[in-house]
Every structure is written in structure tokens, then in C-alpha cells.
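Accompanying notes for the structure given below.
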Amino acid sequence: MFTGIIEELGTVLSLKRGGQSSAVRIGASRVLEDIHTGDSIAVNGVCLTAVTFDGQGFLADVMNETFEKSSLENLKPGDPVNLERAMRAGGRFGGHIVAGHVDGTGTVTSVKQDANAVWFTVKAPPGIMRYCIKKGSIAVDGISLTIADTGDQWFQVSVIPHTLKETVLGYKKPGDPVNLENDMIGKYVEKLMQPEHGEKTSAITEEMLIRAGF
């Protein structure tokens, strides 16, 4: 479980693609504190497992499916990446609940300065847009952001200077791909509202209203 608050910018040191599996080595410092083999680290929003590490960085195996479903396949040595360690139990949430399971990718279509903020417009597929609402949350390359506006095929976020400086958004330009993860609450609600869950959901809702005194 992650929160979408990026801890540091790492650097891709190497990326090896294989027939059945691949591996990426990431240069880092802060996320190496108290690291253990098997720890989860989100790389541009993708939950990866650190299999080996040293004082310079860590190595993570990557399934080919992960490359196919995310923008990690576009990485090359020298590229910056967002890094976040999994949140400890009892830790403080700074963003929103992020699983590190990318729902799909989008494309940055415009980057516009607005006083001290920068507006990013991202084109996204229907499967992503159905869960995008104004003032709702979305993880873009693992960054917890608030959706400022939406259209049929796009959403916008407004980013402050600190976020630009501390994340890969400061490097993004029109045409660049980004990993997207929707707020999981909306997906669970939709699932519970489907016909096969309808009766049970109605009973739970009725019980909650009764307990609330309605």
C-alpha cells in the first residue's frame, strides 16, 4: 500500500529485457533506508519488489506483462523515476490509497504555466475516465493528485512548484506517456452496485441508515 507522496527521484541505471522476464536497476538513496529483500517500492507508480540492493540502488524483477501494461517499457538508462516505499502499518496518509497496480496509461497532451502552478492535461482511455471525477483523486506516475477538470477523453491536474521539482512531472512534455491508477474506492462501489451484489448492498445501506437514526 502506498500514498502517492513521492519520497525521491531515482535514476534508471540499467534495464534488461528477457524472453520470460526482465530486470531494472534503480539508483536511489532515501528509499534504501531500512530496506530488506522483498520490500515493495513503487517505481513511477508501479509496485516492484526489491530482490537485491547495495549502497547505490536496488534491483527489481519485472514481468513482461508489467512492461506491456505500463510506461516502464519506455524507460532507458539515465531516466528519472518517482520512488516511494510501501507505507508502514499505522503510518500517516499524506495522499490517498494507492495500490501500485496501474490501471492503464495516458498521454500528456498539454503543459501550461498558470502563475506559480502548472496545468497538465492527460488523455486517457474510457476505462480510466469512467472513474475520474472533479476533485477526485488519481495517481499519475505514482503521484497522488487531485483532478481539477475532466472531458470525455481527458482530465486535468494543477501542480505546484514543489511537486514539479520533486517528481518526474518536471520532465514531462506533450506526447509523453504516464502511468495511471484510479482511486480504488470508486471501483469497489461500482462492483458492489452491480446486480449480483445489489440486494446485499441495499441491506447494508438500510442497516447503516437505521443505526444513524434515519
Side-chain angles (χ1 to χ4, degrees), residues 1-32 34-54 56-89 95-108 122-131 137-145 167-169 171-172 175-188 191:
M1 190 70 69
F2 305 92
T3 69
I5 303 301
I6 305 306
E7 296 189 89
E8 71 170 310
L9 274 175
T11 304
V12 176
L13 299 178
S14 64
L15 183 64
K16 296 181 179 179
R17 296 292 300 268
Q20 300 298 322
S21 63
S22 305
V24 58
R25 180 168 173 75
I26 305 293
S29 57
R30 186 173 182 181
V31 298
L32 299 180
D34 299 323
I35 191 174
H36 299 86
T37 300
D39 281 355
S40 295
I41 299 177
V43 178
N44 280 357
V46 181
C47 179
L48 298 180
T49 300
V51 294
T52 63
F53 56 89
D54 55 29
Q56 304 301 315
F58 66 93
L59 179 74
D61 290 328
V62 186
M63 296 184 295
N64 286 334
E65 181 182 4
T66 302
F67 280 121
E68 294 170 1
K69 296 298 176 68
S70 73
S71 65
L72 293 189
E73 66 174 351
N74 298 303
L75 293 178
K76 58 184 181 300
D79 282 348
V81 287
N82 292 326
L83 300 177
E84 181 191 356
R85 289 169 292 183
M87 189 184 76
R88 295 181 181 276
H96 71 281
I97 299 174
V98 179
H101 303 155
V102 173
D103 291 307
T105 59
T107 304
V108 176
V122 178
K123 182 179 180 180
I128 298 291
M129 290 306 306
R130 69 180 296 141
Y131 303 110
S137 297
I138 192 167
V140 179
D141 272 350
I143 309 163
S144 175
L145 296 172
T167 73
V168 296
L169 285 183
Y171 299 86
K172 294 296 181 181
D176 285 346
V178 288
N179 292 320
L180 302 174
E181 181 186 333
N182 291 113
D183 186 355
M184 67 172 64
I185 294 176
K187 292 182 285 187
Y188 278 118
K191 178 68 174 180

Can you give me the closest heavy-atom contact between Met184 and Ala99, atom names plus distance? CE-CB, 3.6 Å

Take a 6.0 Å sphere around CD1 of Ile35 and say whether it holds more than 12 heavy atoms from other residues, nucleotides or ligands. yes

Derivation of the side-chain contact (heavy atoms from CB on, under 4.5 Å) call for Val178 and Thr105: CA-CA 5 Å; Val178 288; Thr105 59; over 6 Å; no

Taking only Lys NZ, Arg NE, NH1 and NH2, and the carboxylate oxygens of Asp or Glu, determine whether Arg130 and Asp103 approach each other closer than 4.0 Å. no

Do you know which of Asp141, Leu145, Val108 makes side-chain contact (heavy atoms from CB on, under 4.5 Å) with Leu169? Leu145

Tightest non-hydrogen contact, residues Met87 and Thr3, listed as SD-CG2, 3.6 Å

Side chains of Asp183 and Tyr131 in contact at under 4.5 Å (non-hydrogen atoms): no

List the atom pairs, donor and acceptor, that lie under 3.5 Å between side-chain atoms in residues 6-13 and the rest of the protein, sequence neighbours left out.
| unit_1 | atom_1 | unit_2 | atom_2 | d |
| --- | --- | --- | --- | --- |
| Glu7 | OE1 | Arg85 | NE | 3.1 |
| Glu7 | OE1 | Arg85 | NH2 | 2.6 |
| Glu7 | OE2 | Arg85 | N | 2.6 |
| Glu7 | OE2 | Arg85 | NE | 3.1 |
| Glu8 | OE1 | Ser29 | N | 3.2 |
| Glu8 | OE1 | Ser29 | OG | 3.2 |
| Glu8 | OE2 | Ser29 | N | 3.1 |
| Glu8 | OE2 | Arg30 | N | 2.7 |
| Glu8 | OE2 | Val31 | N | 2.8 |

I need the Asn64 CG to Lys69 NZ distance, nearest 0.5 Å. 12.0 Å

Return the minimal non-hydrogen interatomic distance between Leu59 and Ala23, and the atom names on each side. CD1-CB, 4.0 Å

Donor-acceptor contacts under 3.5 Å from residues 39-50 side chains, at least two apart:
| unit_1 | atom_1 | unit_2 | atom_2 | d |
| --- | --- | --- | --- | --- |
| Asp39 | OD2 | His36 | N | 2.8 |
| Asn44 | OD1 | Asn82 | N | 2.8 |

Taking all atoms of both residues into account, what is the closest heavy-atom pair of Ser22 and Phe67, and its distance? CB-CE1, 3.2 Å

Spatial distance of atom CD1 (Ile128) from atom CD (Glu181) [nearest 0.5 Å]: 9.0 Å

Looking at Ala124 and Met129, what are the two nearest heavy atoms and their distance? O-CG, 3.6 Å

Testing the basics here: between Pro177 and Asn74, what is the closest heavy-atom pair and its distance to 0.1 Å? CG-ND2, 3.4 Å

Here the gap from Asp61 atom CG to Lys16 atom NZ, rounded to the nearest 0.5 Å, amounts to 11.5 Å

